[in-house]
A.B. asks: 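Okay, here's the structure, questions in a sec.
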Amino acid sequence: MASSLRTNPANTPPPPPSPAIDVRGVTVAYTNGHVALRDATFSLDGGTICGLVGVNGSGKSTLFKAIMGFVKPAAGSVRINGQPVGAAHKKASVAYVPQSEDVDWAFPVSVWDVVLMGRYGAMNLLRIPRQSDKRLAAEALEQVGVADLRSRQIGELSGGQRKRVFLARALAQQAKIILLDEPFTGVDVQTEEAIIALLDRMRDQGCTMLVSTHNLGSVPRFCDRVVIINRTVVAAGPTATTFTRDNLALAFGGALRRLRVDHTDVPGATSHELTVLTDDEGALILGDDGLPPPRTTPDRPAPTAPPGAGA
Amino acid sequence: MIDALLQPLQSEFMLKAIGVSALIGLTCAALSCFVTLKGWSLMGDALSHAVVPGVAIAYAAKLPFALGAFASGMLAAGVMGFVKDRTRLREDAVIGIVFTTFFALGVLLISLYPSNINLKTIVFGNILGIADADIVQVLIISAVTLAVLAFKWKDLVIFLFDPSHARAVGLPTRFLHALLLTLLAATAVASLQAVGACLVVAMLVTPGATAYLLTDRFGAMMLIAMTVGTLTAAVGAYASYFLNGSTGGCIVVLQTGVFAVTLAVAPKHGLITAHRSRVVAGRAAPALSGGAA
Ligand SMILES: Nc1ncnc2c1ncn2[C@@H]1O[C@H](COP(=O)(O)OP(=O)(O)O)[C@@H](O)[C@H]1O
Ligand SMILES: [Mg+2]
């Protein structure tokens with residue numbers, strides 16, 4: 001098939017673009033012998049927001065580390081835009097927003113320093129920022145709404161502000177692929193709304209985002225796709241068909257709080273049974289079909305407070 | 001009186017001792033900012049002990065001492081990395097085992113094959129008796145270390161702060177890790193002559209720790225640390241002339257003194273400020289509840 005196409009170049013359709021992230025059969029074992037991921041496979045195309053859910057210790061951060069090239073898979077491969085991870089990172093094509101526990105908040109750097117770090121890949125060897133680098137960093141700070149905090153030491157910020165600063169660094173990097181490790185943990189609802197709005201905008205610009213979260217309730221609201229993991233990929237695909245009660249049960253087992261509410265308790269409910277699943281944070285409410293509610297974006301009702309205000 | 005105070009500055013060997021000490025103080029202090037933020041104090045201590053067998057062998061073989069010391073330090077670092085990556089032992093246990101083994105080996109070698117260095121010089125330093133050839137080695141090491149830091153400090157800061165991001169913007173994290181380790185070993189070698197294997201770690205930690213209490217910006221931290229490190233080393237060497245005591249001891253006691261004062265009075269991160277804000281908060285709390293009642 002492929003060879004017959006090659007002999008007939010006039011009819012060759014353009015090759016399908018490589019997936020933005022392609023994880024194939026990845027197994028990761030730590031030096032202490034613990035196998036954190038086994039045979040994990042999924043792939044993401046450009047312009048997608050993908051949720052990554054699983055219990056604590058299910059390997060979410062490990063998966064990020066494999067994509068960042070920090071742990072070498074014992075088996076399998078990770079490709080970014082069709083390239084091996086090393087080559088992709090040399091071009092600064094992936095931005096990474098670490099989980100809060102991984103950051104040394106007492107480190108002597110200011111908000112401005114951190115956001116400028118997003119531009120390092122583009123700077124000369126002495127890392128002296130050009131005017132354009134400063135402009136991009138300033139714009140990124142504006143976009144996440146913390147421009148007034150630029151000279152603060154990073155430890156002097158609230159949880160929400162801290163997340164915004166690291167998000168600004170990712171924006172300043174201008175990467176088309178962004179990995180976010182638990183961006184909603186420890187932030188207020190307003191910041192969560194602002195982050196989701198920002199991710200939506202980035203998706204419309206063609207960015208691909210992989211977002212790990214325990215906030216199951218908001219996954220159907222902003223994720224086009226989900227990857228559900230429990231030391232391997234349990235399910236991966238479009239949110240509407242993948243983020244189901246049955247798949248979540250597979251990944252979370254007894255780790256989820258599951259409340260059943262009889263419809264007679266809920267005025268106006270039409271379903272026979274509601275399932276409320278909660279991991280750590282926002283609860284997920286499923287109807288009797290066990291399927292997530294349909295996506296509401298882009299016409300999601302506006303949050304009561306203006307987006308981006310305060311934190 | 002003035003004459004007496006200026007007297008050490010008239011003798012060539014004292015001038016040399018003060019100058020070399022200051023240079024070593026400067027180099028160690030520049031590196032100390034990275035050591036304190038990376039949590040590598042123990043690693044600094046380990047490397048400064050692990051260089052000893054190399055020094056013994058270099059002197060016996062009539063090679064430059066810095067060469068032997070550096071090779072020995074890097075070998076120790078390599079062994080530590082190798083063992084750590086392959087066992088479930090914690091890093092500090094691995095470091096503890098490896099560096100004491102190297103140090104013991106060095107002590108043994110020196111006692112078995114006495115040469116023109118003695119154990120006391122290596123362990124406690126002897127800047128007043130430093131040979132010109134050794135001064136040249138110290139000069140080269142310091143110059144190279146400071147030059148590398150001047151070019152690479154921003155990359156190293158990103159690597160310390162957020163290795164994942166360093167990788168994401170295309171920085172070679174493995175290389176930066178190795179570079180920092182190499183600079184640490186080189187600096188440990190250079191300081192051996194001034195303060196000796198036992199006290200090198202003080203010069204590699206205290207100035208950085210002092211500066212960290214005084215500022216929230218890395219650039220300022222470097223400048224403060226280098227100023228403190230240089231001045232304390234020079235003044236310490238000068239004072240040891242009058243006290244007729246150990247130069248290394250003088251320098252380190254001085255550095256610790258500066259640290260202690262800073263710890264007490266630092267405007268933002270000092271103990272007195274912390275105490276005051278606790279007191280203020282304690283006073284405010286009852287006032288608030290009183291107002292509500
Ligand atoms: N550096 C490490 N060495 C050994 N085990 C690790 C290391 N990092 C993580 N693990 C283990 O791997 C598993 C997956 O961890 P992680 O990927 O951090 O999970 P998650 O982010 O989903 O909570 C956990 O059981 C954790 O204890
Ligand atoms: Mg995690």
A.B. asks: Can you tell me which portion of L171(B) sits under 4.5 Å from chain A's heavy atoms? Options are side chain, backbone, both or neither.
C.D. replies: side chain
A.B. asks: With rounding to the nearest 0.5 Å, note down the distance linking NZ in K163(A) to CD in E182(A).
C.D. replies: 7.5 Å
A.B. asks: Looking at D45(B) and L42(B), would you say the former's side chain and the latter's main chain have a donor-acceptor pair under 3.5 Å?
C.D. replies: no
A.B. asks: Given that the side chain runs from C-beta out, which part of D162(B) has a heavy atom under 4.5 Å from chain A: side chain, backbone, both or neither?
C.D. replies: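 For D162(B), side-chain heavy atoms alone lie under 4.5 Å from chain A.
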A.B. asks: Could you walk me through whether R130(A) and D133(A) satisfy the salt bridge (charged side-chain N to carboxylate O under 4.0 Å, His left out) test, starting with their C-alpha distance in whole Å, then the side-chain angles of each, then the deciding distance to 0.1 Å, before giving a yes or no?
C.D. replies: CA-CA 5 Å; R130(A) 290 162 302 185; D133(A) 295 318; 3.2 Å; yes
A.B. asks: Can you tell me if NZ on K38(B) sees more than 12 non-hydrogen neighbours from other groups inside 6.0 Å?
C.D. replies: yes
A.B. asks: Tell me whether the rings of F107(A) and F161(B) are parallel (<30°), tilted (30 to 60°) or perpendicular (>60°).
C.D. replies: tilted
A.B. asks: Find out whether the Lys NZ or Arg CZ of R167(B) is both under 6.0 angstrom from the six-membered ring centre of Y96(A) and within 45° of the ring's axis.
C.D. replies: no
A.B. asks: Which one wins on heavy-atom pair count under 4.5 Å against chain B: E156(A), K65(A), R119(A)?
C.D. replies: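 Max contact count across the listed options: E156(A).
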A.B. asks: If only atom types and distance count, is the side chain of N124(A) paired as donor or acceptor with the main-chain N or O of I128(A) below 3.5 Å?
C.D. replies: yes
A.B. asks: Answer with side chain, backbone, both or neither: which region of D102(A) has an atom nearer than 4.5 Å to a non-hydrogen atom of chain B?
C.D. replies: neither
A.B. asks: Compare all side-chain heavy atoms of F102(B) with those of L75(B) and state whether any distance is below 4.5 angstrom.
C.D. replies: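 With C-beta onward as the side chain, the pair touches.
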A.B. asks: Let me know if V103(A) has heavy atoms under 4.5 Å from chain B in its side chain, its backbone, both or neither.
C.D. replies: side chain
A.B. asks: Heavy atoms only, distances under 4.5 angstrom: which of V85(A), L125(A), L126(A), N32(A) has the most pairs with chain B? Name it, please.
C.D. replies: L126(A)
A.B. asks: Given heavy-atom pairs under 4.5 angstrom as the criterion, report whether the side chain, backbone, both or neither of V94(A) touches chain B.
C.D. replies: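 It is the backbone, since no side chain atom gets that close.
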A.B. asks: Return the option, out of A122(A), A88(A), A106(A), with the maximum number of heavy-atom pairs under 4.5 Å with chain B.
C.D. replies: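 Going by pairs under 4.5 Å, I would pick A106(A).
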A.B. asks: Between chain A and each of R86(B), H269(B), R217(B), count heavy-atom pairs under 4.5 Å; write down the option with the most.
C.D. replies: R217(B)
A.B. asks: At a 4.5 Å cut-off on heavy atoms, which part of P163(B) comes close to chain A: side chain, backbone, both, or neither?
C.D. replies: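 Contact with chain A: backbone and side chain both.
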A.B. asks: Looking at Y212(B) versus F259(B), is the centre-to-centre ring distance below 6.0 Å?
C.D. replies: no
A.B. asks: Under 4.5 Å from any heavy atom of chain B, what part of I154(A) do you find: side chain, backbone, both or neither?
C.D. replies: side chain
A.B. asks: Is it the backbone or the side chain of R169(A) that comes under 4.5 Å from a heavy atom of chain B, or both, or neither?
C.D. replies: side chain
A.B. asks: Take a 6.0 Å sphere around NE2 of H34(A) and say whether it holds more than 12 heavy atoms from other residues, nucleotides or ligands.
C.D. replies: yes
A.B. asks: Please flag which part of V114(A) lies under 4.5 Å from any non-hydrogen atom of chain B: side chain, backbone, both or neither.
C.D. replies: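 Interface part for V114(A): side chain.
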A.B. asks: What residue, out of V109(A), L179(A), D104(A), has the most heavy-atom pairs lying under 4.5 Å from chain B?
C.D. replies: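 When all of V109(A), L179(A), D104(A) are compared, V109(A) has the most.
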A.B. asks: Let me know if Y30(A) has heavy atoms under 4.5 Å from chain B in its side chain, its backbone, both or neither.
C.D. replies: neither
A.B. asks: Side chain, backbone, both or neither: which part of A175(A) has an atom under 4.5 Å from a heavy atom of chain B?
C.D. replies: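 A175(A) has no heavy atom closer than 4.5 Å to chain B.
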